[in-house]
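Throughout, a chain's letter reflects where its sequence line sits, starting with A, and its residues are numbered from 1.
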Amino acid sequence: MSTKPSRYTVTAALPYANGPVHIGHLAGCFIPSDIYARYLRKKGEDVLFVCGTDEHGAAINMKAQAEGTSPREIVDRYHGIIKDSFDKIGVSFDIFSRTSNKTHHETAQAFFKELYDKGSLEEKVTEQYFDPEAQQFIADRYIIGECPNCHYEEAYGDQCENCGRSLSPTDLINPKSKLSGSTPVLKETKHWFLPLDHLSGKIKSYIESHKDWKPNVYGQCMSWLDAGDGLQARSMTRDLDWGVPVPLPDAEGKVLYVWFDAPIGYISATKELLGDKWEDYWCKEDTKLVHFIGKDNIVFHCIIFPAMLMEHGGFHLADDVPANEFLNLEGKKISTSRNWAVWLHEYLEDFQGQEDVLRYVLTATAPESKDNDFTWKDFQTRNNSELVAILGNFINRVLVLVQKYYEGKLPEYGVLPSSDLEILGALKTAPADIAQSLEKYRFREALGKLMALARLGNKYLADEEPWKKVKTDPERTAQILFVASQISAQLAQLMEPFMPFTAEKLRNALGLKSLPWAECAKEIFLASGSEIQTAGHLFQKIEDVVIEAQIQKLEDSKTDTSPKYEALKEEIQFEDFSKLDLRVGEIIKAEKVKKADKLLHLEVDLGFEKRSIVSGIAEHFKPEELAGTKVTVVANLAPRKLRGVLSAGMILMAEDSNGKLSFTSPPADMPNGSIVR
RNA sequence: GGCGAGGUAGCUCAGUUGGUUAGAGCGUCGGAUUCAUAACCCGGAGGUCACGGGUUCAACUCCCGUCCUCGCUACCA
């Protein structure tokens with residue numbers, strides 16, 4: 001967009017309501033979007049900042065079933081936790097809605113209906129499996145059966161995990177529903193697909209018109225568009241009872257696909273807040289639309305959602321999608337399932353009154369251009385040597401001195417020398433300078449520029465030494481503290497988007513109102529005679545014990561993840577078991593399979609013969625360490641080729657809850673070829 | 001394996017369209033200081049810009065190749 005936008009629509013990715021929010025979400029999406037929105041508001045722009053919980057989809061349904069409760073119960077729980085924690089950390093959404101509410105259902109249905117009415121959707125009737133016991137259609141991956149290709153007994157309906165073959169549920173021999181364990185029956189069902197291939201040209205030129213997007217975003221989009229198969233038609237509906245009902249006759253038990261309804265959630269949240277005025281923020285070309293997301297969401301926000309909007313017509317497409325990379329934690333990937341995370345609601349409990357510290361640290365260390373690491377040690381250092389020592393200390397020095405020398409009343413300053421005018425000049429240019437970074441979504445750079453002001457203040461005091469001059473030159477001392485107070489005032493204004501709580505505290509001490517950004521471009525904020533109070537310490541030092549406790553907490557949570565035990569499979573008869581021929585084998589030779597990351601080509605001695613077996617264990621074992629290892633082999637499995645290499649049999653492996661594999665090895669003196677039973 | 005993004009001081013990162021001694025913050029060492037939460041301020045040390053070629057008068061910056069990290073994807077238990 002070349003001309004100045006008339007209004008802004010800022011969205012933050014909808015958090016999925018099956019768990020709380022952690023620091024990775026914050027650093028990647030919510031803190032930057034909040035800084036941006038607060039900055040725009042302070043600039044006096046017309047800005048709408050929307051978000052909400054994404055509450056549909058099979059995963060929430062499954063979680064509810066696993067906990068023996070309802071999806072409603074799950075989403076209510078997490079919507080509450082998430083909304084509350086966003087409030088407390090100061091993420092200033094204009095509305096934080098949810099996709100399960102009425103407005104959203106209506107909006108999503110109307111959107112779908114529009115596509116349907118104009119003939120954009122392809123209707124396909126297919127036979128799908130239906131679970132008679134659970135009385136519902138079953139998603140492909142919740143159907144298990146025997147693979148027609150390799151006869152693996154537990155192939156999923158969409159793919160056999162054993163031979164890797166893509167499957168359709170109807171290919172399975174002896175299918176079972178994972179929901180109830182019963183045998184599903186085929187039933188005709190109708191679904192609606194959105195073809196995308198005819199849009200690929202439009203989408204490509206849309207992306208290409210945004211070469212200014214971040215390289216990681218632009219690169220991923222082009223990579224996706226250039227991929228071989230082109231854009232496939234996507235089914236926009238599912239057979240499920242939790243979600244937005246498909247607004248057509250004959251669509252009993254069908255809901256919109258969660259990926260279809262979720263982004264529309266941005267729009268319905270807007271409607272909920274603004275009523276008819278919503279169109280200004282979504283349809284007008286002079287609106288600037290910015291989606292803040294994590295890198296896992298790039299393709300969806302840059303390609304699929306715009307495609308939906310294009311096909312519908314009448315919508316303005318995203319002007320920028322400043323996706324961040326991932327934040328690691330103490331050198332390891334954040335993982336919800338392994339409980340390796342710092343949860344926002346827990347941080348807020350443990351660090352009450354230190355909301356801005358987390359905002360500051362996550363901004364300073366945000367993964368803007370590549371993955372970054374959050375460590376508690378770094379958190380402590382940034383708090384102690386940046387917030388406390390540089391920023392808090394400067395403010396404290398000024399306020400204490402003004403209190404001490406002038407009873408809190410700002411003195412007259414007479415005619416300032418040019419060195420002071422230079423300092424004040426820096427205050428005048430700071431807003432534009434910081435704005436330049438913010439407009440480019442360079443939040444850590446912007447924050448650095450803010451801190452440079454505090455550094456300037458500290459240097460000014462050190463150079464001028466008012467505590468000495470007060471004895472010899474009261475007039476000059478008055479000037480110095482007058483100038484230093486102006487720096488404090490500018491800090492109070494400009495820190496607002498980054499650290500809103502501290503900004504308010506400081507403004508109150510200085511008796512200032514929040515000023516529009518443009519009005520911050522000046523030298524003097526506080527007139528002589530202004531009453532100034534001390535603010536106490538803006539930031540508290542964080543001691544080692546506090547940090548050690550957090551690290552310990554992380555370690556503990558890691559070990560106490562109760563391992564997830566898979567449900568037992570259905571009972572089998574002895575003859576089922578006796579079909580298996582298990583033998584003791586010994587690995588003689590192992591080498592990596594070319595062009596495959598996970599596969600090892602093994603030569604296994606079964607006593608009576610040597611076998612070639614391909615096994616997916618390359619990420620767990622080095623080939624040269626394997627010779628001589630005793631293993632248990634499924635010896636009568638039908639042979640097949642993997643990556644062009646013959647695999648005649650299968651090695652049995654045990655897997656722990658972290659996905660680590662180990663051999664089920666017989667003792668070394670057990671002869672090769674021995675029967676296992 | 002394919003595609004994408006990265007690999008710059010001990011750590012976290014900047015380096016704009018190729019142009020003289022490659023920058024910042026933190027950490028570290030030394031100095032100065034005491035108004036301030038032993039904080040601030042000044043100074044020093046520290047980099048063959050992943051590696052190897054090439055283009056150019058000139059490359060961290062462009063081209064080719066190799067290695068490593070992350071993501072998507074393929075291959076699996």
- Query: Using the C1' atom in both, what is the distance from B/C49 to B/A24, to the nearest Å?
  - Reply: 16 Å
- Presence of A/Lys468 side-chain N/O under 4.0 Å of B/C35 phosphate oxygens OP1/OP2: no
- Considering only atom P, compute the distance from B/U73 to B/C29 and round it to an integer number of Å. 48 Å
- Item | Watson-Crick and G-U pairing of RNA chain B, under 3.5 Å, as dot-bracket with | and [ ] | (((((((..((((.....[...)))).((((.........)))).....(((((..]....))))))))))))....
Would you tabulate the pairs of protein nitrogen or oxygen atoms and nucleotide nitrogen or oxygen atoms of nucleotides 2-7 of chain B closer than 3.5 angstrom?
| from | atom 1 | to | atom 2 | distance (Å) |
| --- | --- | --- | --- | --- |
| B/C3 | O2' | A/Ser223 | OG | 2.7 |
| B/G4 | O2' | A/Gln220 | N | 3.4 |

- Whole Å only: how far is the CD1 atom of A/Ile395 from the P atom of B/C40? 15 Å
- What is the minimum heavy-atom distance between A/Glu412 and A/Ala478, and which atoms define it? O-CB, 3.5 Å
- Item | Nearest-angstrom distance, C1' atom, B/C68 to B/U8 | 15 Å
- Between B/C57 and B/C64, how far is it from one C1' atom to the other, in whole Å? 23 Å
- Note on the structure: Per atom distances to the A/Asn372 side chain, the nearest of B/C40, B/C42, B/U12 is B/U12
- Side-chain touch A/Asn372/A/Arg444, heavy atoms, less than 4.5 angstrom: yes
- Comparing nearest nucleotides in RNA chain B, the 5'-proximal residue of the pair A/Asn396, A/Asp296 is A/Asn396
- Task: Please assess A/Lys295 against A/Asp371 for the test salt bridge (charged side-chain N to carboxylate O under 4.0 Å, His left out), listing each intermediate value before the final yes or no.
- Result: CA-CA 10 Å; A/Lys295 72 169 157 184; A/Asp371 290 0; 3.1 Å; yes
- Query: Just how far, in rounded Å, is C1' of B/C76 from NZ of A/Lys598?
  - Reply: 6 Å
- Message: From CD of A/Glu368 over to P of B/G71, roughly how many Å is that when rounded to an integer?
- Response: 20 Å
- Query: A/Phe379 versus A/Ile23: any side-chain heavy-atom pair under 4.5 Å?
  - Reply: no
- Note on the structure: To the nearest angstrom, the CG-P distance between A/Asn458 and B/A36 comes to 14 Å
- Can you sort out the partners of A/Phe482 under ring-ring contact (aromatic ring centres under 6.0 Å, His included), two or more places apart, ordered by chain and number? A/Tyr413
- Neighbour count above 12 (heavy atom, 6.0 Å) for A/Lys449 NZ: yes
- Task: Report yes or no: does A/Ser612 contribute a side-chain atom to a donor-acceptor pair with the main-chain N or O of A/Leu646 at less than 3.5 Å?
- Result: yes
- Message: Quick check on RNA chain B: between A/Trp467 and A/Lys541, whose nearest nucleotide comes earlier from the 5' end?
- Response: A/Trp467
- Item | Parallel, tilted or perpendicular: rings of A/Trp259 and A/Phe300 (30°, 60°) | tilted
- Task: Assign the ring pair A/His210 / A/Trp213 to parallel, tilted or perpendicular, where the plane angle (0 to 90°) is split at 30° and 60°.
- Result: parallel
- How far does the P atom of B/G6 sit from the matching atom of B/G10, given to the nearest Å? 23 Å
- Is a side-chain donor-acceptor pair under 3.5 Å present for A/Ser530 with A/Lys409? no
- Item | For atom OH of A/Tyr460 and atom P of B/C40, their distance in whole Å | 20 Å
- Separation between the C1' atoms of B/G44 and B/G65, rounded to whole Å: 41 Å
- Atom CG of A/Leu461 to atom C1' of B/U34: distance rounded to whole Å? 13 Å
- Note on the structure: A/Asn393 has its side chain closest, among B/C35, B/A39, B/U37, to B/A39
- Distance-minimising heavy-atom pair for A/Ile532 and A/Ser485: CD1-OG, 4.1 Å
- Message: Taking only the C1' atom of each, what is the distance from B/U48 to B/G2 in whole angstrom?
- Response: 34 Å
- Message: Counting only heavy atoms from other residues, nucleotides and ligands, does the tally under 6.0 Å from CD of A/Glu475 exceed 12?
- Response: no
- Determine the contact category for A/Leu538: base if any of its heavy atoms lies under 4.0 Å from a base atom, sugar-phosphate if only primed atoms, P, OP1 or OP2 are that close, otherwise nothing. base
- Task: Name the nucleic acid region contacted by A/Leu652, choosing base, sugar-phosphate or nothing; use a 4.0 angstrom heavy-atom cut-off, strictly under.
- Result: nothing
- Message: Do A/Leu554 and A/Trp376 make a side-chain contact, defined as non-hydrogen atoms from C-beta onward lying under 4.5 Å apart?
- Response: yes
- Note on the structure: Correct closest heavy-atom pair for A/Asn324 and A/Ala27 would be ND2-O, 3.2 Å
- Partners passing salt bridge (charged side-chain N to carboxylate O under 4.0 Å, His left out) against A/Arg442 (at least two apart in sequence or in another chain): A/Glu445
- Determine the interatomic distance between C1' on B/C11 and the same-named atom on B/C41; round to the nearest Å. 24 Å
- Message: Rounding to an integer number of Å, can you tell me how far A/Phe379 CZ sits from B/C11 P?
- Response: 23 Å
- Task: Go through residues 440-452 of chain A and report each residue with a non-hydrogen atom lying under 4.0 Å from RNA chain B, sorted by number.
- Result: A/Arg442, A/Arg444
Distances under 3.5 Å between protein N/O atoms and the N/O atoms of nucleotides 25-29 of chain B, please, pair by pair.
| from | atom 1 | to | atom 2 | distance (Å) |
| --- | --- | --- | --- | --- |
| B/G25 | O3' | A/Arg455 | NH2 | 2.8 |
| B/C26 | O3' | A/Ser385 | OG | 3.3 |

- Query: When the distance from CG of A/Asp373 to P of B/C13 is rounded to whole Å, what number comes out?
  - Reply: 8 Å
- A/His22 vs A/His25 aromatic rings, parallel, tilted or perpendicular, using cut-offs 30° and 60°? parallel
